[in-house]
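In this text the structure is predicted, and so the values were computed from the model without any measurement.
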Amino acid sequence: MDDYNLLTDGLNLMMLGMGFVFVFLTVLVLATSIMSWAITKYEKSVGKLPEEGIPAPTAVLAHSKLEKPARLTSDQPIIPILTAAIHKYRRNKKN
Amino acid sequence: MDDYNLLTDGLNLMMLGMGFVFVFLTVLVLATSIMSWAITKYEKSVGKLPEEGIPAPTAVLAHSKLEKPARLTSDQPIIPILTAAIHKYRRNKKN
Amino acid sequence: MDDYNLLTDGLNLMMLGMGFVFVFLTVLVLATSIMSWAITKYEKSVGKLPEEGIPAPTAVLAHSKLEKPARLTSDQPIIPILTAAIHKYRRNKKN
Amino acid sequence: MEKFLQLWENTGLYQIELGQAVMIAIGMLLLYLAIKKNFEPLLLVPIGFGAVLANIPAAGIAEPGGLLHMMYTIGIESGAFPLLIFMGVGAMTDFGPLLANPKTLFLGAAAQFGIFATLGGAILLSYLGIFDFSLGDAAAIGIIGSADGPTAIYVASKLAPELLGAIAVAAYAYMALVPLIQPPIMRALTTEAERKIRMHQQRHVSQREKILFPLLLLVLVAFLLPDAAPLLGMFCFGNLMKECAVVDRLSNTTQNSLINTVTIFLGLAVGSRLHAESFLNSTTLGILSLGIVAFAVGTAAGIIMAKILNKISKEPINPLIGSAGVSAVPMAARVSNKLGLEADKHNFLLMHAMGPNVAGVIGSAVAAGILINFVS
Amino acid sequence: MEKFLQLWENTGLYQIELGQAVMIAIGMLLLYLAIKKNFEPLLLVPIGFGAVLANIPAAGIAEPGGLLHMMYTIGIESGAFPLLIFMGVGAMTDFGPLLANPKTLFLGAAAQFGIFATLGGAILLSYLGIFDFSLGDAAAIGIIGSADGPTAIYVASKLAPELLGAIAVAAYAYMALVPLIQPPIMRALTTEAERKIRMHQQRHVSQREKILFPLLLLVLVAFLLPDAAPLLGMFCFGNLMKECAVVDRLSNTTQNSLINTVTIFLGLAVGSRLHAESFLNSTTLGILSLGIVAFAVGTAAGIIMAKILNKISKEPINPLIGSAGVSAVPMAARVSNKLGLEADKHNFLLMHAMGPNVAGVIGSAVAAGILINFVS
Amino acid sequence: MEKFLQLWENTGLYQIELGQAVMIAIGMLLLYLAIKKNFEPLLLVPIGFGAVLANIPAAGIAEPGGLLHMMYTIGIESGAFPLLIFMGVGAMTDFGPLLANPKTLFLGAAAQFGIFATLGGAILLSYLGIFDFSLGDAAAIGIIGSADGPTAIYVASKLAPELLGAIAVAAYAYMALVPLIQPPIMRALTTEAERKIRMHQQRHVSQREKILFPLLLLVLVAFLLPDAAPLLGMFCFGNLMKECAVVDRLSNTTQNSLINTVTIFLGLAVGSRLHAESFLNSTTLGILSLGIVAFAVGTAAGIIMAKILNKISKEPINPLIGSAGVSAVPMAARVSNKLGLEADKHNFLLMHAMGPNVAGVIGSAVAAGILINFVS
Ligand code: NA
Ligand code: NA
Ligand code: NA
């Protein structure tokens, strides 16, 4: 590639690049605005998501919801918790 | 391998596999039961292990057992602890 | 390498090695002593470093020093902190 | 202008194929199930996201040189990631309930029938010409019935790497569906009276037993089934680190940052195998159908074995704990507990169901060893 | 005696070349700046130390077989380390302020002009014969203006690996210098009245928006610019893990031990590229000079765009938040806040500046994708 | 039937050789010592378990393609794991006591005589035809006397990889036995009056000294002994991260999840080298005998040097702290303290013994550099 080509390529890349960044972020602004508008509308009728995440499937485990055990599965090691629960249970029993 | 062989192999694997799983777990049930029986008997005369682990070799360091420094070695970085101890010691001395 | 050579090499390595360890650590003793002497002298006129590290560049952010926000950058994830700050700010505003 | 054309021809919009678009939608569906429906999110979030990344046209993230391809080669092809996960799971497992009642190991054995029945079914479908599964494919599909993610991934990566994506997705999806799949089968196979059976209080298990058990298991595996030794060996190592109590700092790292890091990489790497070519075909439908059969058969076999044990044994055994033998730790044990409480609101089965639950993990790993031994 | 001579000839004192001594001094200078002046210490401590280690004569720590060379090959050449860092940064990023005011994305776009202007400058210097930069070199130098370490390292490792050391050092050094570089430009381009503009309170952004945004961004990237997909894909993945709230244990590990470990290795590996041959030449001077131009132009472009937006938009926009569009998270946003407080001590701009600040990260990654697409 | 035979022929019981059975027993013995006797459990639990896994017949976990073989190749053969451990140890080390009393560096130097005397002994035994050690073997055996695990593993992996297993086991076992090995020697070489010597209170060491010391040490190593630069470089890097206090999050990860993860992998990989062929022979007996000689000679040399220093120096030096020069951090320092308290129950030597203790680490790494330089 000779020097002149380098200059053209550089100029091309500058314009194309800056242009594409603007195109992309403009599309993103539009898409984001539409998404926010749609979600806001949707949430007015349906309600918001809980900020601490969705609890585990409730089909069967439904009425234990009050004790919130399902929530634990998703982000904590469950077995140690169960283990601890067993230990606690035994200890209480002993007393 | 033609289709008939596949069928025979599949059947073989099913029976062999399920059979072996039962043999293995039966052996494990026996071995576990024997182990538990032996340990229970042994522990009646010898006493149980501490649930928090065995302290470090005591041949020489015996009488410092009361302060339990040896226990620390096994599962905590000792040097920071010592460092902290040194700092604490110095600070106390200054006051 | 015949056996005699092995013996000579071994002897060489013993003497050279032990000698070098002493030379190196002697140099280190000297260098350390000089360093400590120089630092002690320097700190008498300039003051000591804070043990909890140096705060972030203060050229512009100078007068916020009292609130110590800069210190946070260096060893804590700043964005979650900011996020938390934003949340706190909003919550306070709501009340 | 030529360069502008090149940029356009390089966009995903220009290059995308229908298959990729469908796979991206499937990845998004997995994310939806994981986040909104809480289907095993720890695995399905990375798997779903990996599937999306892998199908971005022209980006090549799952092709040689790409990050996900690297993760797959280093971690899955070599078997390292599932083994490290197994070490972490071992360090989180408490064998106490199993040691208190070793008979529950039989429940863990029986529930593996799901694996072998499904294998047989896959072979039969192949014999009938409906599908074209090799013996290795059939074995890898059967292992979905192990209800154990790392075991399924380990076996599939060895016996049927091209089916790995579908098998892993089926395994995790059905594990998440355990609270829906198992209860009807459990109710159909047990009477109200059986569900009300109360079990005796478990004996206390000493620390020495807990330390020696992983070593005993390891020795048995070493002598009887070396092909299961990598899986069960790492499992026992993790458990020994936890129980011996003198290497707590290693055990803590294993249970936290190590298993979390490996889970992220494993999930992304598995997701990278969800290609259009290998996923969008009738084979995947076959895998999904056979997979649910495996879960159902395993559940039924566990319950029937529990009923048999209840007949034989002096101590009462509630058949509901049999279904926990499929593993799916700890979901299956919680389902047992739930149905026990439904029948009698003071009948707590959780501790009793943990025995067959971890027995199922051992049983599955043994079955995995046999499959690998036989097929390869 | 012969062996003694060999030992002496093997010492560093005997073998050291002037270049190595200078590079060790430069490594020490970086450590000084990091520790004493608090210049981005999380990166410059490992980079500085890596530079010292790499230039120890005869030790070969940065040559094939050495630890730092291994880190470089495994983590930088493959692109893995910058991508993992991006995942961690994603897991620490809150898109809330951006979602509350999406217009600030334009500020993040404008500030990327620093990248392209610098690229043009480098090409021009090359055309004039002052330097000898290829198109790839020029692009890699321009990316310093992204004010984003992992992006700069990722692009440089692909387009100009031999300049990687100098580019990374320039990027982190100027990011640390943001509180010195930006204020004069900001004061020059704004009036006192503009700096006093108060912005409206941001609206509350719902969790659902925060979860969907990274997926939306991912889909746009997938369809429009696949070359940016690895960078933005991992960024979105980290952010999704954080926001979806069902994989907190993965997200926590990503934000802590995983990103810390990778940061250490990345820093050492980057430092290992600070060789005398590739660093001690006029090219490095060129990189350092062009780099600061990139920061200055980006800052100015961001502010001017903010002034334009302020004219167009109904809601008032304080031009000071424009400079935050260069990224340099969170330093640039804090500088905006600082200057706002200087003009009016009740004018808190921090929350408002976080929008363009994270928009700058997205804009830089998009620019990186274009450079990679165009040059390679 | 044929397949059933195949299964039986694949069992460990059918295939096991006597050597493997013995090695499994040795692995179990190491686990017993680690768990029940608390012999350096952080290393001997993984090493012992690795030895068991490696000797499971037909499983091939330590052969090419197996997990432990992978760990060995990636982490030990390359030198990466010992170096990363050294970085972690550096981040846990406090050079304060050493800086308060730099003369204690001579104790750390003297105690390395154990290394070189043992090397000479191994050469002599070879010359006499009792063993057949090469110069590299002898050097690797001598390094057991460093009483420092990662140093021993690093040197052995370079100079005598086939002896690595036995050398690592000897090093860690004797480090655990320090409370049994050292006291008789210490009592024999000191008088009651000497053991009662009280040392002056240590001066306060400023943060600036602690930050500059690792850099000073690094520069000296760079100039005088590049072969020790990888080991001491990573050690100094870890220490600098800790002391500089501006990268605490990196330093914390280094001291916790990073060093723990590497310790697990290093231990398993070292254990995988405990093969029957390379371990069950007279060479191992030679290594074990020479290793204990190394510890004993090092201890004695440290004490004698301390007695000499006590004569020369104005400040009193209790000879009991000399034995801490062998390293074995922090066990050896605690033994010094213990014997001091025995002689005078108000004579606390712990802080004073930490100086020679960390000096021993430096001395050993220097010795390691010389051995590597001379032999390879
Ligand atoms: Na199972
Ligand atoms: Na940017
Ligand atoms: Na030593």
Side-chain angles (χ1 to χ4, degrees), chain B residues 1-57 68 70-81, chain D residues 95 98-100 102-106 108-110 112-113 115-117 119-120 122-124 126-127 129 133-135 138-139 142 203 205-213 216-217 219-221 224-225 228 244-252 359 362-364 366-367 369-371 373-375:
Chain B
M1 190 196 294
D2 61 32
D3 277 5
Y4 181 73
N5 269 352
L6 180 67
L7 202 63
T8 337
D9 270 9
L11 213 70
N12 262 334
L13 179 49
M14 270 183 74
M15 293 190 308
L16 209 72
M18 203 59 216
F20 192 87
V21 168
F22 263 103
V23 168
F24 186 90
L25 292 191
T26 306
V27 173
L28 186 58
V29 170
L30 290 176
T32 305
S33 303
I34 294 171
M35 179 194 82
S36 288
W37 170 83
I39 288 176
T40 309
K41 209 167 160 183
Y42 175 79
E43 288 185 339
K44 262 184 199 151
S45 55
V46 178
K48 298 194 173 177
L49 283 184
E51 300 216 353
E52 348 72 58
I54 317 289
K68 289 194 180 185
R71 168 88 187 100
L72 294 169
T73 355
S74 49
D75 52 8
Q76 293 185 352
I78 189 63
I79 303 179
I81 292 169
Chain D
F95 280 123
L98 178 66
L99 287 165
K103 276 193 304 291
T104 56
L105 278 163
F106 289 119
Q112 307 318 315
F113 188 60
I115 296 176
F116 294 102
L119 181 155
I123 294 287
L124 199 70
S126 215
Y127 182 71
F133 294 131
S134 70
L135 190 62
R203 75 173 177 89
V205 175
S206 84
Q207 199 59 21
R208 198 175 256 115
E209 288 174 80
K210 288 187 179 176
I211 293 174
L212 285 179
F213 180 74
L216 177 74
L217 176 56
V219 168
L220 284 184
V221 170
L224 296 179
L225 189 64
C244 76
V246 291
V247 293
D248 282 353
R249 59 178 292 166
L250 302 186
S251 165
N252 289 339
I362 298 175
S364 300
V366 170
I370 297 166
L371 297 177
N373 176 295
F374 194 97
V375 175

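In this structure, chain B has a heavy atom under 4.5 Å from the side chain of D/I211, while its backbone stays farther away. If you measure heavy-atom distances from D/A367 to chain B, the contacts under 4.5 Å come from both the backbone and the side chain. In this structure, chain D has heavy atoms under 4.5 Å from both the backbone and the side chain of B/M14. Looking at D/L212, the atoms closer than 4.5 Å to chain B (heavy atoms on both sides) sit in the backbone and in the side chain alike. The parts of D/A110 that come within reach of chain B are both its backbone and its side chain, each placing non-hydrogen atoms under 4.5 angstrom from that chain. Of the atoms belonging to D/T104, not a single heavy atom falls under 4.5 Å from chain B. Heavy-atom distances place no part of D/L98 under 4.5 Å from chain B, backbone and side chain included.
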### Message
Quick one, B/V21 with D/F113, criterion side-chain contact (heavy atoms from CB on, under 4.5 Å). Give me CA distance, side-chain angles, the key distance, then yes/no.
### Response
CA-CA 9 Å; B/V21 168; D/F113 188 60; over 6 Å; no

### Task
Could you walk me through whether B/L13 and D/I370 pass side-chain contact (heavy atoms from CB on, under 4.5 Å), step by step?
CA-CA 8 Å; B/L13 179 49; D/I370 297 166; 4.2 Å; yes

### Task
Step by step, work out the side-chain contact (heavy atoms from CB on, under 4.5 Å) result for B/L6 and D/Y127.
CA-CA 8 Å; B/L6 180 67; D/Y127 182 71; 5.9 Å; no

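A 4.5 Å side-chain heavy-atom check between B/S36 and D/R203 finds at least one atom pair inside the cut-off. Counting only heavy atoms from C-beta outward, the side chains of B/L28 and D/F213 approach each other to under 4.5 Å.
Chain D forms the most heavy-atom pairs under 4.5 Å with one residue out of B/T26, B/T40, B/I39, and that residue is B/I39.
D/I123 and B/G10 get closest at one heavy-atom pair: CG1-CA, 4.1 Å. Heavy-atom minimum distance, D/L105 versus B/L25: O-CD1, 3.5 Å. Here the closest heavy-atom approach between residue B/M35 and residue D/E209 is recorded as CE-O, 3.6 Å. A pairwise comparison of heavy atoms in D/V366 and B/F20 identifies CG1-CD2, 4.1 Å as the closest pair.
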